[in-house]
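Numbering starts at 1 and runs along the sequence shown.
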Amino acid sequence: MFVSISEPMPSHPYMYSYIDKSGEVIIDASKYQAAGDFSDGLAAVASVDGRWGFIDKSGKEVIRPQFEQALGFSEGLAGVSIGGLWGFIDKTGRVVIEPQFGVVNAFSEGIAVVMKVAQLKSRPTGTNQHVTEAELGADALVSLRRRRGRTSEAQQSAEVLLIDRTGQAVLALRLDEVQLNIYEGARFSEGLIDAYDCATGKIGFIDRRGEFVIKPRYSQAAPFSEGLARVAVEEHSEEKIGFIDREGNFKIAPKFNTDGDFRRNSTNFSDGLASLTENLRPTVTEESRFVYLNKKGEIVLHTSFFYAGRFSEGRASVFDESRSKWGFIDRAGMVVIPLRYDSVSDFSEGLASVVILTN
């Protein structure tokens with residue numbers, strides 16, 4: 001699995017590997033042109049010919065690269081693209097839900113959000129894969145705005161479905177009524193999913209019946225995590241974020257201004273902390289520097305980084321704009337894995353994928 005110095009280097013400009021929480025390389029994935037997170041013990045990887053398969057934690061290919069695109073495994077199933085349509089496979093590589101969808105998302109709480117259209121005439125730029133801001137790298141540290149509320153001609157007749165693990169639809173939603181965040185990892189979390197109400201132009205949270213249990217009143221929202229959901233409201237033409245509970249009550253008041261960039265400039269709670277920065281009119285944090293909040297809304301950790309991601313397994317990815325490199329910090333804010341990578345993912349199941357550009 002490891003490439004020796006005498007072997008030819010891969011033709012693509014990216015050198016992928018998987019590291020542990022000490023920064024040691026555990027899997028050399030340099031022969032692949034892309035490598036996803038580990039989940040359910042497997043990680044999606046793309047071969048040099050662009051086909052996707054899966055490796056285990058020893059680096060062994062357990063499902064050979066054969067798919068046009070692939071998501072990570074979740075709850076024993078992974079979305080894969082075959083012939084331009086998406087379905088799901090099990091961990092043996094067997095297709096268990098036939099390719100029939102234009103867009104799919106990973107299973108969560110027994111449900112996957114998918115989109116079915118008669119003819120998919122246009123799609124947003126990019127691939128249907130789950131990527132974090134960290135995985136996208138420095139060039140992608142720009143606004144990741146929600147696409148909800150904007151539908152193409154083809155999508156106007158599309159149905160967004162909630163399917164179970166057998167592929168059966170348990171709920172159908174029309175895009176001209178309620179929209180989910182289908183292109184950026186829509187998923188149920190703690191029994192709810194954030195949804196855009198076309199009638200009001202606001203976002204709330206619906207249950208599996210499709211009913212709003214938290215009324216649509218927010219300009220932005222993210223899934224629940226650790227009992228709280230990150231939301232944004234508009235005040236005097238400025239977008240302020242805070243955190244609500246399952247009754248829709250603010251547990252952390254919306255006082256942080258994220259410069260209209262909800263996705264890039266804040267994260268959900270993870271390991272008891274959430275990160276954010278204020279870029280437009282700094283009132284609480286230092287301009288262009290990330291801090292971490294506890295669940296009381298108190299700033300408990302200041303960083304010197306242009307970007308700081310969510311904590312996962314005691315590590316958080318950070319980006320230094322002066323060096324244009326990524327590394328990892330611990331919960332004390334100490335750099336524990338040096339800033340030397342051109343792109344990183346969050347830690348998952350003890351490993352993180354990292355990238356070094358070769359040219």
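- Aromatic pair Phe319/Phe305: ring centres not closer than 6.0 Å.
- By the ring-ring contact (aromatic ring centres under 6.0 Å, His included) test, Phe269 pairs with Phe243, sequence neighbours left out.
- Of all heavy-atom pairs between Ile111 and Leu162, the closest is CG2-CB, 3.8 Å.
- Counting heavy atoms from C-beta outward, Gln179 and Val160 have side chains that stay 4.5 Å or more apart.
- Minimum interatomic distance between Gly167 and Ile163 (heavy atoms only, all atoms of both residues): O-CG2, 3.9 Å.
- When every heavy atom of Ile193 is checked against every heavy atom of Arg187, the shortest pair comes out as CG1-O, 3.3 Å.
- In summary, the aromatic rings of Trp326 and Tyr341 are positioned with their centroids too far apart to meet the 6.0 Å limit.
- Aromatic ring centres of Phe290 and Phe306 lie farther apart than the 6.0 Å criterion allows.
- In this structure, Phe328 has its ring center closer than 6.0 angstrom to the ring center of Phe347.
- Residue pairs that meet the salt bridge (charged side-chain N to carboxylate O under 4.0 Å, His left out) test with at least one member in residues 219-228, sequence neighbours left out, are Glu226-Lys295.
- The nearest pair of heavy atoms linking Ser17 to Val25 is CB-CG1, 4.0 Å.
- Scanning both residues, Trp52 and Glu68, for their nearest heavy atoms gives CD1-O, 3.3 Å.
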